[in-house]
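Here the structure comes first, spelled out in structure tokens, and everything after it is commentary.
Since this is a predicted model, take the numbers as computed values, not measurements. Worth knowing before you read on, the calculation uses all heavy atoms, side chains too, and leaves out hydrogens, waters and symmetry mates.
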Amino acid sequence: MGHLDHATFGWLTPVLSYAMASIGAALGLCCTVRALDATGRSRRNWLVTAASALGTGIWTMHFVAMLGFGVTGTEIHYNVLLTFVSLLVAMAVVGAGVFAVGYGRDRGRALALGGLTTGLGVASMHYLGMAALRLHGDVRYDPALVGLSVVIAVVAATAALWAGLNIKSPLAVAAASLVMGGAVTSMHYTGMLAVSVRVTPSEAALPGATTMQFIFPVAVGLGSYLFLTSAFVALSPTKGEREASVSAQRPVDGVAS
């Protein structure tokens with residue numbers, strides 16, 4: 001068996017992955033709150049932004065954490081196409097869950113369906129990303145820990161969607177985002193504890209790209225997208241701010257000519 005190291009850079013990758021998950025959760029919650037206060041095209045646009053932020057945050061969290069993953073006795077490469085597929089799956093399935101909550105008439109049923117769909121999407125993204133690994137050996141999983149990681153993903157997703165439906169204040173959204181970030185990161189490392197690798201020494205070149213050739217620049221790019229989206233959301237007026245602005249612009253009775 002190859003020795004697995006989940007933090008080859010010490011605490012750097014776990015802390016950064018938690019930060020990415022929390023930022024994605026905060027953006028997703030903020031955009032969901034904005035969507036529920038909007039109608040028509042505006043609601044759809046906010047929900048799309050929420051899905052992309054959540055999906056990107058979760059995917060970036062996973063692969064930032066994977067920057068610190070190593071196995072003694074073999075290099076690790078990634079299948080580029082399958083890695084991008086995992087990103088698309090994250091965005092698509094998270095989007096389905098967010099839209100179920102955003103447009104569902106029965107909120108209880110929409111929350112249950114959205115939480116299950118989103119949680120399974122998060123787990124699918126994780127294990128698709130793991131399937132993209134290319135190394136000299138066989139990757140195996142502990143079924144009990146895999147099941148636990150899926151349960152954590154579903155619970156975390158349901159909690160995040162519930163927060164989007166019920167939490168309005170910025171402070172509460174920030175607190176919920178930190179909890180959600182912790183839950184998603186816990187799901188990742190629970191899934192990683194399920195992994196064992198039987199190394200088969202070989203001098204053959206591995207297919208795919210190394211972490212520094214592919215994962216690192218993509219993670220940096222998506223992290224930049226999250227920060228830019230954060231600035232966009234922060235600068236976009238809320239419903240209350242728009243109403244206050246309109247009210248301030250109305251002429252006061254007896255003053256306007």
Side-chain angles (χ1 to χ4, degrees), residues 1-9 11 13-14 16-18 20-21 24 54-55 57-94 97 115-160 180-202 204 206-211 214-216 218-219:
M1 289 289 183
H3 173 70
L4 276 60
D5 190 346
H6 298 288
T8 57
F9 298 106
W11 284 99
T13 49
L16 283 178
S17 63
Y18 171 69
M20 291 297 100
L54 275 170
I58 292 167
W59 190 93
T60 306
M61 175 279 302
H62 171 82
F63 282 100
V64 166
M66 292 303 291
L67 290 174
F69 178 67
V71 181
T72 56
T74 178
E75 293 182 347
I76 295 176
H77 287 200
Y78 291 86
N79 180 289
V80 174
L81 178 60
L82 197 53
T83 303
F84 273 120
V85 168
S86 71
L87 173 60
L88 296 178
V89 166
M91 289 187 175
V93 185
V94 168
L116 178 63
T117 302
T118 304
L120 292 177
V122 171
S124 298
M125 180 280 303
H126 175 88
Y127 289 105
L128 271 173
M130 292 301 294
L133 287 178
R134 297 293 180 265
L135 47 77
H136 293 304
D138 298 319
V139 179
R140 300 180 181 182
Y141 295 92
D142 181 326
L145 287 173
V146 169
L148 178 59
S149 72
V150 174
V151 170
I152 293 173
V154 172
V155 171
T158 304
M180 175 63 178
V184 173
T185 306
S186 297
M187 176 267 161
H188 170 84
Y189 283 104
T190 301
M192 294 308 295
L193 287 176
V195 176
S196 61
V197 178
R198 186 180 296 277
V199 174
T200 305
S202 173
L206 287 168
T210 67
T211 54
F214 174 55
I215 299 299
F216 180 73
V218 173

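The shortest distance between side-chain heavy atoms of Val195 and Met130 falls below 4.5 Å. Side-chain contact between Thr190 and Met187: absent, with no pair of heavy atoms (C-beta onward) separated by less than 4.5 Å.
The two atoms that bring Met61 and Ala21 nearest to each other are CG-CB, 3.7 Å, heavy atoms only. A pairwise comparison of heavy atoms in Phe214 and Ala209 identifies CB-CB, 3.6 Å as the closest pair. The shortest heavy-atom contact between Ala219 and Val64 is CB-CG2, 4.1 Å. Closest of all the heavy-atom pairs between Tyr189 and Ala65 is OH-CB, 3.5 Å. Closest non-hydrogen pair, Met66 versus His188, comes out as SD-CE1, 3.9 Å.
A donor-acceptor contact shorter than 3.5 Å is absent between the side chain of Thr13 and the backbone of Leu67. Checking side-chain atoms of His136 against main-chain N and O of Ala204 turns up a donor-acceptor pair under 3.5 Å. With Thr200 contributing its side chain and Gly137 its backbone, the two residues share no donor-acceptor pair below 3.5 Å.
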Atom pairs and distances, side-chain donor-acceptor, residues 143-153, under 3.5 Å, sequence neighbours left out:
| residue | atom | partner | partner atom | Å |
| --- | --- | --- | --- | --- |
| Ser149 | OG | Tyr127 | OH | 2.7 |
| Ser149 | OG | Val146 | O | 2.6 |

Give the table of side-chain donor-acceptor pairs shorter than 3.5 Å for residues 78-88, with sequence neighbours excluded, one pair per line with atom names and distance.
| residue | atom | partner | partner atom | Å |
| --- | --- | --- | --- | --- |
| Asn79 | OD1 | Leu81 | N | 3.2 |
| Asn79 | OD1 | Leu82 | N | 2.8 |
| Thr83 | OG1 | Asn79 | O | 2.7 |
| Ser86 | OG | Trp59 | NE1 | 2.9 |
| Ser86 | OG | Thr83 | O | 2.5 |

Output a table of donor-acceptor pairs, distance under 3.5 Å, between side-chain atoms of residues 117-125 and any protein atom two or more places apart or on a different chain; print 'none' if there are none.
| residue | atom | partner | partner atom | Å |
| --- | --- | --- | --- | --- |
| Thr117 | OG1 | Leu113 | O | 2.8 |
| Thr118 | OG1 | Gly114 | O | 2.7 |
| Ser124 | OG | Leu120 | O | 2.7 |

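Note: Leu4 CG to Ser196 OG = 7.5 Å, rounded to the nearest 0.5 Å. To the nearest 0.5 Å, atoms CE (Met20) and CD1 (Ile58) are separated by 13.5 Å. Between Phe69 atom CZ and Leu135 atom CG the span is 7.5 Å, to the nearest 0.5 Å. Between atom OG1 of residue Thr185 and atom NE2 of residue His62 there is a gap of 12.0 Å, rounded to the nearest 0.5 Å. Note that OG1 of Thr74 and CZ of Arg198 are 14.5 Å apart. Values are rounded to the nearest 0.5 Å.
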